2 protein chains.
Amino acid sequence: MATIYEVSKLAGVSLATVSRVLNKNTPVKEETRLKVLAAMEQLGYQPNSVAQSLASNRSNSIGIVVPELNGPFFGTLLSDIENQFRQAGKHVIIAAGHSDEKLEQESISFLQSRNCDALILHVEAVSDDYLVELMQKKVRFVLINRFVAPLYDRCITLNNQHGGYLATRHILEHGHTHIGYISGPMWKHDADQRYKGHVRALTEFGIEPSEQLVYEGDYHESSGAAGAQVLLQSNPSITALVCANDEMAAGAMTAAREAGRTLPDDLSIMGFDNVNFSHYTFPKLTTIDYPVGGMGEMAAQLILKCVYQQSVDTIQTVFEPRLVERDSIKNV
Amino acid sequence: MATIYEVSKLAGVSLATVSRVLNKNTPVKEETRLKVLAAMEQLGYQPNSVAQSLASNRSNSIGIVVPELNGPFFGTLLSDIENQFRQAGKHVIIAAGHSDEKLEQESISFLQSRNCDALILHVEAVSDDYLVELMQKKVRFVLINRFVAPLYDRCITLNNQHGGYLATRHILEHGHTHIGYISGPMWKHDADQRYKGHVRALTEFGIEPSEQLVYEGDYHESSGAAGAQVLLQSNPSITALVCANDEMAAGAMTAAREAGRTLPDDLSIMGFDNVNFSHYTFPKLTTIDYPVGGMGEMAAQLILKCVYQQSVDTIQTVFEPRLVERDSIKNV
DNA sequence: TAGTATGATGTAAGCGCTTTCATTTGTAAC
DNA sequence: GTTACAAATGAAAGCGCTTACATCATACTA
């Protein structure tokens, strides 16, 4: 592999000049520039990004922590983030946090030791204090799907409560009054907010929220199935089930059918997230769209702006969910 | 951030000694080792991986090119690869090739410029010759889901033909004789092989393969729907549909229902891949399991062995598909 | 006791770049 | 032809580490 030194020799200029045409940060006479470019071409020169990083103290890499790498939700997120950065000549390093405090912290320090210029964090188990400390240590990062007040300007969030509200309101508008709710783990902020939205909608329609009608799941398919089974058995009068995400909704569909219900006629089911498989279910799932893609892009933009000083379009930090009507909801 | 220099000063030893306790590659007296470790602890020392890379000419990073970052298939692949490397203290840099020759090449040289120690490639558009050239340039890489003869020892493949055979044989064993086939893009090696397996099974059962019964899709859901629509309309006697992947099978289900068929009674549907949403469909999809996870792990192992000289369990390069019976196939 | 092998540690030269500061060159004003 | 100033370029010092080689202490052999 040719180095900058060989290029400089061939072009008859100094190292510094080659570096300058590379970085375009200092004017170089057009004539010399062309000589240098020709030399690079001839040698098939490729800058060594590791040496660049060491010398400039910038790695042009962004670390990302997400709970899981697989799963429809994070795939989309990663894909959109990668896209943005790729266009800017940056690259992403990805680590999985598995919703575990220790693993999340490990992932973060792993990425820091990799000299990432910035981090994008979708973390759930780590405390707010830990994140605030991180900021105080001058670590540059953006938070996705989490709001921490002292970090308000680096949080990209979804209005989860409004999403939960929209979901249940839609069901109520179809005349349902006996509505089961399968929540996510309540210690997760988004699960809590979605549930709050659900309660708000019920209240607005004059229905008393009841603990009997709530099952706390873990966002996985199997807990959706378990939840549906439990709720339908103990409350046979239920005509609709609101699930805090699509995976659990899919599980609930299976369990509901096994409990003898015909979908959607005997039971309406609502999802949340609008992940890419949600129209593979039968009946096709009515759900709340979570604009993951947009949020990922926005996180990338925020970093491009704050860390790399690039000018970007307006920054938006709060995103709004949207109802996606398909076939899983029927009038009661 | 503390450097190795400060650690050496505090511990009262030389730079080299600190480096040695860090790398564990040269014996250091236990007593000194402890002194050094204590100094590191006290300073909160974290090695600078960029400097390490530059000095050692190893970046401890592995580049991965996949067609897409989202999608159930690649999510699983990435997840398993990341896991393996993470445990070994390596990290992965991911790029999307989008099944496009130019983009795939760009991704590869992007990762090379990032000084990856090795690459894992799931590429489809780039030519065999290009890959052979890459090998000749001493680029270290492993190929997933692709066989190129001169690179035989670095290809991790699935026996796609056998998978295609298993799929169709299973349908035939259920008494079907009018079987439609929705293939992937025939220029892709796996699509071609799966189809060959299909034909082999038909022949074995004494059925003449007919072009009328084949629709060439693109592996996406929509083409599965289109394929089902076309085939069922032009060949109403079809009682089973074999799809070259699960996405298209999901699309086919929707279209079949729209064409008035009841599933699985009026029409049996077979998938391929066993992606994670395949049991969200209704009826749950019978399919061919593609052991992505295992293959990703194996690719990682191969690199750990050849590039990082770690001893690993046996290396397996050809994987076998396996039938997964669910509910989408009925006797005719 | 001298001689030699062995293990532990130190010295210093890079790895391939960026960047500060100094120098040279070119241009315009006098 | 000088002088003054700006633009272009060069020289060289790092960035934080690894590693070949040199050195030194220690233990063992004869």
Side-chain angles (χ1 to χ4, degrees), chain A residues 1-40 43-61 89-91 112-117 308-309, chain B residues 1-40 43-61 89-91 112-117 308-309:
Chain A
M1 212 71 200
T3 73
I4 203 177
Y5 175 72
E6 302 168 43
V7 174
S8 78
K9 238 180 22 185
L10 181 59
V13 298
S14 72
L15 290 186
T17 304
V18 178
S19 170
R20 287 195 264 260
V21 347
L22 220 46
N23 293 296
K24 310 186 178 88
N25 50 8
T26 311
V28 172
K29 217 205 303 182
E30 185 62 12
E31 190 190 323
T32 2
R33 209 176 68 83
L34 294 176
K35 262 196 314 199
V36 171
L37 290 177
M40 287 181 175
L43 294 169
Y45 171 76
Q46 283 270 57
N48 178 324
S49 66
V50 172
Q52 287 181 314
S53 300
L54 182 60
S56 66
N57 203 25
R58 257 191 294 96
S59 65
N60 285 316
S61 68
K90 319 288 177 204
H91 76 267
Q112 279 185 272
S113 80
R114 241 62 207 190
N115 293 68
C116 293
D117 296 337
Y308 297 113
Q309 276 78 43
Chain B
M1 210 70 203
T3 71
I4 202 177
Y5 175 71
E6 302 168 45
V7 174
S8 78
K9 236 177 27 185
L10 181 59
V13 298
S14 74
L15 290 187
T17 303
V18 178
S19 169
R20 286 195 263 260
V21 347
L22 219 47
N23 293 296
K24 309 186 179 89
N25 50 9
T26 310
V28 172
K29 218 206 301 182
E30 186 60 13
E31 188 191 325
T32 358
R33 209 176 70 84
L34 294 176
K35 262 196 315 199
V36 172
L37 289 177
M40 287 183 176
L43 293 169
Y45 171 76
Q46 283 271 54
N48 178 323
S49 66
V50 172
Q52 288 180 314
S53 300
L54 183 59
S56 66
N57 202 26
R58 258 190 295 96
S59 63
N60 286 318
S61 69
K90 320 289 176 201
H91 76 265
Q112 282 185 270
S113 81
R114 242 61 207 189
N115 293 65
C116 293
D117 296 337
Y308 297 113
Q309 278 77 42

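Chain letters run A, B, ... following the sequence lines, proteins first, then strands; residues in each count from 1. Quick caveat: nothing in here was measured; it's all calculated off a predicted structure.
- Residues meeting the side-chain contact (heavy atoms from CB on, under 4.5 Å) test with A/Q309, sequence neighbours left out: none.
- For the pair A/R33 CZ and D/dT9 C1', the interatomic distance rounds to 16 Å; values are reported in whole Å.
- Nucleic acid contact for A/S19: base, since at least one base atom lies under 4.0 Å from a heavy atom of the residue.
- Nearest-nucleotide assignment on DNA chain D puts the 5′-proximal partner with A/T32, out of B/A51 and A/T32.
- Looking at heavy atoms from C-beta onward, A/L22 lies in side-chain contact with A/Y45 at the 4.5 angstrom threshold.
- Across all strands, B/V28 comes closer than 4.0 Å only to sugar-phosphate atoms, never to a base (heavy-atom distances).
- Between A/R33 and A/E30, at least one side-chain nitrogen of the basic residue sits less than 4.0 Å from a carboxylate oxygen of the acidic one, meeting the salt-bridge criterion.
- Smallest separation of non-hydrogen atoms from A/I4 and A/L15: CG2-CD2, 3.7 Å.
- Whole-Å rounding puts the B/L34 CG to C/dA8 P distance at 14 Å.
- Contact between the side-chain N/O atoms of A/Y45 and the OP1/OP2 oxygens of C/dC17 is found at a separation under 4.0 Å.
- A straight line from CD of B/E30 to C1' of C/dT9 spans 16 Å, rounded to a whole angstrom.
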Heteroatom pairs (N/O) under 3.5 angstrom, protein to nucleotides 24-28 of chain C:
none

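- When the P atom of D/dT18 is taken as reference, atom CG of A/L54 falls 12 Å away, rounded to whole Å.
- Sequence order on DNA chain D of the closest nucleotides to B/V50 and A/L15 puts A/L15 first from the 5' end.
- Nucleic acid contact for B/V13: sugar-phosphate only, since backbone atoms but no base atoms lie under 4.0 Å from a heavy atom of the residue.
- B/I4 has its CD1 atom 18 Å from the P atom of C/dC15, to the nearest Å.
- OP1 or OP2 of D/dG10 lies within a sub-4.0 Å distance of a side-chain N or O belonging to A/T17.
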task: Go through the steps for A/Q112 and B/Q46 under the test side chain to side chain contact (heavy atoms under 4.5 Å, CB included), then give the verdict.
output: CA-CA 9 Å; A/Q112 279 185 272; B/Q46 283 271 54; 5.6 Å; no
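- One can place CD of A/Q52 at 21 Å from P of D/dG14, the figure rounded to the nearest angstrom.
- A/N25 has a side-chain polar atom (N or O) that falls below the 4.0 Å cut-off from OP1 or OP2 of C/dT19.
- Comparing C/dC17, D/dG16, C/dT9 against the side chain of A/N48 picks out C/dC17 as the nearest.
- Contact annotation: B/S14 reaches the phosphate of C/dG10 (side-chain N/O to OP1 or OP2, under 4.0 Å).
- When distances run from any side-chain atom of A/P27 to the nucleotides D/dA8, D/dG16, D/dA12, the shortest one goes to D/dA8.
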- request: Show your reasoning for whether side chain to side chain contact (heavy atoms under 4.5 Å, CB included) applies to B/S49 and A/N115.
  value: CA-CA 7 Å; B/S49 66; A/N115 293 68; 3.6 Å; yes
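- One atom, OH of A/Y5, and another, C1' of C/dC17, lie 15 Å apart when rounded to the nearest Å.
- In this structure the side chain of A/V13 reaches within 4.5 angstrom of the side chain of A/V18, judged on heavy atoms.
- A side-chain contact (heavy atoms from CB on, under 4.5 Å) with B/N25 holds for exactly one of B/N23, B/V21, B/V28; it is B/N23.
- A close approach under 4.0 Å does not occur between any side-chain nitrogen or oxygen of B/N57 and OP1 or OP2 of D/dT18.
- The distance from atom NZ of B/K24 to atom P of D/dT19 is 15 Å, rounded to the nearest whole Å.
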